[in-house]
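Worksheet: the structure to be examined is printed underneath.
The structure presented is a predicted model; accordingly, all values stated were derived computationally and were not measured. Both counts, for ligands and for their atoms, begin at 1 and track the order of listing.
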Amino acid sequence: MISEPIRTALSEQLNREFSSAYLYLAMSAYCSHADFNGAAHWFRLQYEEEHMHATKVYDYLIEQGVEVPLRPIEQPPGEFGSLLAVFEASLEHEQHMTARLNDLSNQALSEKDHATYNLLQWFVNEQVEEEASVGAIIAKLRLVGEDGYGLLMIDNELGGRAAPAAV
Ligand code: FEO
C-alpha cells in the first residue's frame with residue numbers, strides 16, 4: 001500500500017503524462033497543418049508513447065488498490081511558430097518532466113517506498129532517451145536553418161520513426 005502523499009503525487013504525475021500526450025497531439029496537428037507530415041507522424045507516436053506512460057502510472061495506482069482521481073487536462077497551445085520551435089518546446093517540456101520525476105523519486109526514497117521508486121526509475125531512464133532524441137533532432141534543424149531541401153530531408157527522416165514497443 002502506498003502513502004497518501006505518494007498517491008497524490010502519482011495522480012499528479014498521471015495528469016502530467018496525459019497532458020504530455022495532449023501536448024504532443026497538438027504538436028502533431030500543428031505539423032500536419034504546416035505540411036510537415038513526417039514530423040506529424042513523429043509527434044503522433046510521441047502522443048501514443050505518453051498515453052502509455054499515463055496508463056503505466058494508472059495501472060500502478062490501481063494495483064496498489066487506491067482511488068485514482070482523474071483531474072482536468074490542460075489545454076495545449078495550437079501554434080508553435082516553426083518546426084524548430086515545436087521541437088524546442090518539446091525539449092523544454094521533457095526537461096520539465098525530468099525535474100518532476102526526480103522530485104517524485106526523491107519523495108519515494110525519503111518515504112522508503114521502494115516499489116514506487118522502482119516504477120519511477122523506469123520513467124527517469126525513459127527521460128534520458130527522450131531528451132537525447134529530441135536534442136538530436138533540434139541539432140539537425142539548427143544546422144539546416146531555413147533551407148527548404150534540408151527541412152524536407154529531416155521531415156522525411158522523422159516520418160520513418162517506428163512505433164514504440166509496448167510497456
Ligand atoms: Fe512521459 Fe515524455 O514523459
Side-chain angles (χ1 to χ4, degrees), residues 2 5-32 36 38-64 66 68-81 83-109 113 115-141 154-155 157-167:
I2 57 175
I6 292 284
R7 183 190 77 108
T8 303
L10 283 177
S11 73
E12 285 166 2
Q13 184 60 28
L14 170 64
N15 183 266
R16 278 193 285 274
E17 298 292 350
F18 274 124
S19 295
S20 298
Y22 219 33
L23 173 65
Y24 284 125
L25 194 59
M27 289 176 170
S28 181
Y30 167 79
C31 292
S32 286
F36 288 121
H41 165 79
W42 195 96
F43 281 115
R44 176 65 179 255
L45 290 182
Q46 198 62 22
Y47 154 78
E48 288 175 14
E49 200 162 305
E50 297 300 345
H51 193 272
M52 271 199 285
H53 292 176
T55 306
K56 197 173 171 78
V57 178
Y58 171 84
D59 286 344
Y60 179 76
L61 287 165
I62 292 291
E63 230 172 38
Q64 288 286 348
V66 296
V68 186
L70 295 174
R71 298 153 195 264
I73 300 171
E74 202 180 321
Q75 182 177 359
E79 176 56 54
F80 295 90
L83 192 59
L84 174 60
V86 75
F87 277 97
E88 285 174 336
S90 164
L91 181 60
E92 195 181 322
H93 176 73
E94 289 305 331
Q95 286 166 341
H96 170 75
M97 291 295 276
T98 300
R100 298 287 72 74
L101 286 160
N102 283 335
D103 291 345
L104 260 172
S105 297
N106 286 337
Q107 188 180 348
L109 267 189
D113 180 346
T116 300
Y117 181 77
N118 276 344
L119 171 84
L120 292 168
Q121 291 323 284
W122 182 90
F123 283 90
V124 167
N125 290 333
E126 188 79 356
Q127 286 306 115
V128 176
E129 183 242 299
E130 287 201 348
E131 285 189 31
S133 68
V134 178
I137 295 165
I138 289 172
K140 284 184 194 171
L141 286 170
I154 293 173
D155 188 54
E157 202 179 306
L158 293 170
R161 178 179 175 179
V167 292

### Query
Does NE2 in His41 sit with more than 12 non-hydrogen atoms of other residues, nucleotides or ligands closer than 6.0 Å?
yes

### Pairwise distance CZ(Phe43) to OG(Ser28) - rounded to 0.5 angstrom
8.5 Å

### Message
List the residues meeting side-chain hydrogen bond (donor to acceptor under 3.5 Å, both in side chains) with Gln95, not counting sequence neighbours, and say none if there are none.
### Response
none

### Main-chain N/O of Asp113 paired to Thr116 side chain as donor or acceptor, under 3.5 Å
no

### Message
Closer than 2.8 Å to atom 2 (Fe) of ligand 1, what protein N/O/S atoms do you find?
### Response
Glu50 OE2, Glu94 OE1, Glu94 OE2, Glu130 OE1

### Task
Indicate yes or no for a side-chain donor-acceptor contact from Glu49 to the backbone of His51 under 3.5 Å, with no hydrogens or angles considered.
no

### Message
Looking at Lys140 and Glu157, is any side-chain nitrogen of the basic one under 4.0 Å from a carboxylate oxygen of the acidic one?
### Response
yes

